[in-house]
Amino acid sequence: MTTITNLPQERRLVTAIPGPKSTEALARRAEATSGGLGMAIPVIIERASDAILLDIDGNQIIDLGSGIGVTNVGNSASRVVDRVIEQVQAFTHTCFTVAPYMNYIEVCEILNRITPGKFKKKSLLVNSGAEAVENAIKIARYYTKRPAVVVFEHSYHGRTNLTMALTAKNMPYKDGFGPFAPEIYRVPMPYSFHWVGNKATISQDALAIVTGKIEKEIGAHNVAAILIEPIQGEGGFVVPPKGFLPGLSKFASEHGILFIADEVQTGFARTGHMFACEEEGVEPDMVITAKGIAGGLPLAAVTGRGEVMDSVHVSGLGGTYGGNPVACAAALGTLETIEAENLVERANKLGKILTDSLLGLQKKYPIIGEVRGRGLMQAIELVMPGTNEPNTAAMQKVVKYCQSQGVLVLTAGTYVNVIRFLPPIVITQELLLDAMSVLDDAFGSL
Ligand SMILES: *Cc1c(COP(=O)(O)O)cnc(C)c1O
């Protein structure tokens, strides 16, 4: 039933980036859309399939961003497209809390089964990652009857008022947008590349600092939830040292605090596990998902312990569009694709190839201070050679060069010096290596 033609999986430039048609259209963009919106690559997209974006000038661009870790199953994945078309023809909306439908229930059943934790789980569907984070905090406060939420340095949880408060970085996310919600407490993150203490004992040392702050400064009995990304996304793909997440989760359960994993960027096969928490066997009380859940349609979820998710009074949760049937159809197509195409395994296999390429570049170019990540969630942090001082200028030049050659890469990092790689997991090895050769040339051109 799929009506789209698949694009050949190869990079092809027929004009400069941006080409004449994109240039003209971008003038209209500037005229019509809010100046508060950013833009990673200056082209207008006409069509996309798997790991190739086609712009209106006919350029084929390699997608190493997946629309910020969303199209893990590839752009316009056929199982997603087919199910969406079928659902649009059946009905587009009833509101699940007005007249329920089956695919919302099916998505929740699958999430309850595949998220970490062997206990009874239940789910709630909403529209965006930020909305899911907001709901997780609402539920955690309701269940525990406690006000405080503990979050980490370098964290990112969204752009709504509560999630801005939970997010660490001021520019561009928070500056001028306050006042922010109260009862949010920020604690240090063991970011090993910038850790000033002993790196051999970073995990225990960071745990001691965090639990000490919770006990002495906040009072553990006041804390509803500890909220953490199992690998930080916007903060620069900061991977916590081994033992940190299990230690935190253990401390939380000993103090009646809910441990909430924000798996919005790490979820759905991205890190070589279905969810990043699986790496160390951590079983969060609640898992927040979005981005990769529905192949590009707006959907997000909170999945948690049955007794926690059921504690809220009837109609205390909801929203008009949450768990829209078309988005749920897309989620079912996405989950089917991950399983049918073994994308968890594929993220591992391609992740190794990507890591090896990046480590090779690090040997050649000492401005690459660190290569880090897991699976197909990898990043490089650019520095002044031999130090850990950020090199933002080099990052900007490399990104610009990659764009000019038809490779879309995203940036990240508190210090604005990280290039992150989040290709669709279905990307071919050839295309990934072609992108890496462009990256090599980009560093060579500095
Ligand atoms: C993107 C992101 C969010 C916010 O999701 P939106 O859908 O943009 O609201 C929350 N947490 C993490 C870790 C994210 O990467």
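Atoms within a ligand are numbered from 1 in the order they appear, just like the ligands themselves.
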> Restricting to side chain to side chain donor-acceptor pair (under 3.5 Å), what partner residues turn up for Thr303, sequence neighbours left out?
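Once residues adjacent in sequence are excluded, the partners of Thr303 under the side chain to side chain donor-acceptor pair (under 3.5 Å) criterion are Ser123.
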
> In the protein, what heavy atom is nearest to atom 9 (O) of ligand 1, and what distance, to one decimal place, separates them?
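I find the closest protein heavy atom is Ala130 N, 2.8 Å.
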
> For ligand 1, note which part of Lys291 has a heavy atom under 4.0 Å away: side chain, backbone, both or neither.
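Looking at Lys291 and ligand 1, just side chain atoms fall under 4.0 Å.
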
> I'd like to know whether Thr334 forms a side chain to side chain donor-acceptor pair (under 3.5 Å) with Thr337, so could you lay out the CA-CA distance, the side-chain angles of the two residues, the decisive distance to 0.1 Å, and finally the verdict.
CA-CA 5 Å; Thr334 298; Thr337 308; 6.0 Å; no

> Do ligand 1 and Gly129 have nitrogen or oxygen atoms that lie under 3.5 Å from each other?
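Indeed, backbone or side chain, Gly129 has an N or O that close.
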
> Can you report which non-hydrogen protein atom sits closest to atom 11 (N) of ligand 1, along with the distance?
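Minimum-distance protein heavy atom for atom 11 (N) of ligand 1 reads Asp262 OD2, 2.7 Å.
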
> Test the Lys174-Phe180 pair against the cation-pi criterion, namely NZ or CZ under 6.0 angstrom from the six-membered ring centroid and within 45° of the ring axis.
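Yes - Lys174 lies over the ring of Phe180, closer than 6.0 Å to its centre and within 45° of its axis.
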
> Just distances here: any N/O of Glu229 and N/O of ligand 1 closer than 3.5 Å?
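Checking ligand 1 against Glu229, no N or O pair falls under 3.5 Å apart.
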
> Just do the salt bridge (Lys or Arg N to Asp or Glu O under 4.0 Å) check on Arg372 and Glu381 with the steps written out, would you?
CA-CA 8 Å; Arg372 59 173 179 256; Glu381 179 158 351; 2.8 Å; yes

> Identify, by atom number and element, the atoms of ligand 1 in contact range of Ser128, meaning under 4.0 Å from any of its heavy atoms.
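Ligand 1 atoms under the 4.0 Å threshold to Ser128: 7 (O), 9 (O).
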
> Which of the atoms in ligand 1, numbered in the order shown and given with their element, are less than 4.0 Å from a heavy-atom of Gln265?
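Ligand 1 atoms under the 4.0 Å threshold to Gln265: 15 (O).
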
> Should we count OH of Tyr321 as having more than 12 external heavy atoms under 6.0 Å?
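No, because the 6.0 Å sphere around OH of Tyr321 holds 12 heavy atoms or fewer from other groups.
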
> Is a salt bridge present between Glu283 and Lys118, judged by a nitrogen-to-oxygen distance below 4.0 Å?
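The answer is yes: the pair qualifies as a salt bridge.
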
> Throw together a table of side-chain donor-acceptor distances under 3.5 angstrom for residues 236-253, partners on residues two or more places apart or in other chains.
residue	atom	partner	partner atom	Å
Lys250	NZ	Glu254	OE2	3.2
Ser253	OG	Lys250	O	3.1

> Considering only heavy atoms of Tyr156, which atoms of ligand 1 have at least one such atom less than 4.0 Å away?
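Contacts of ligand 1 toward Tyr156, numbered from 1: 1 (C), 2 (C), 3 (C), 11 (N), 12 (C), 13 (C), 14 (C).
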
> Any N or O of Glu131 that comes nearer than 3.5 Å to an N or O of ligand 1?
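No; every N/O pair is 3.5 Å or more apart.
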
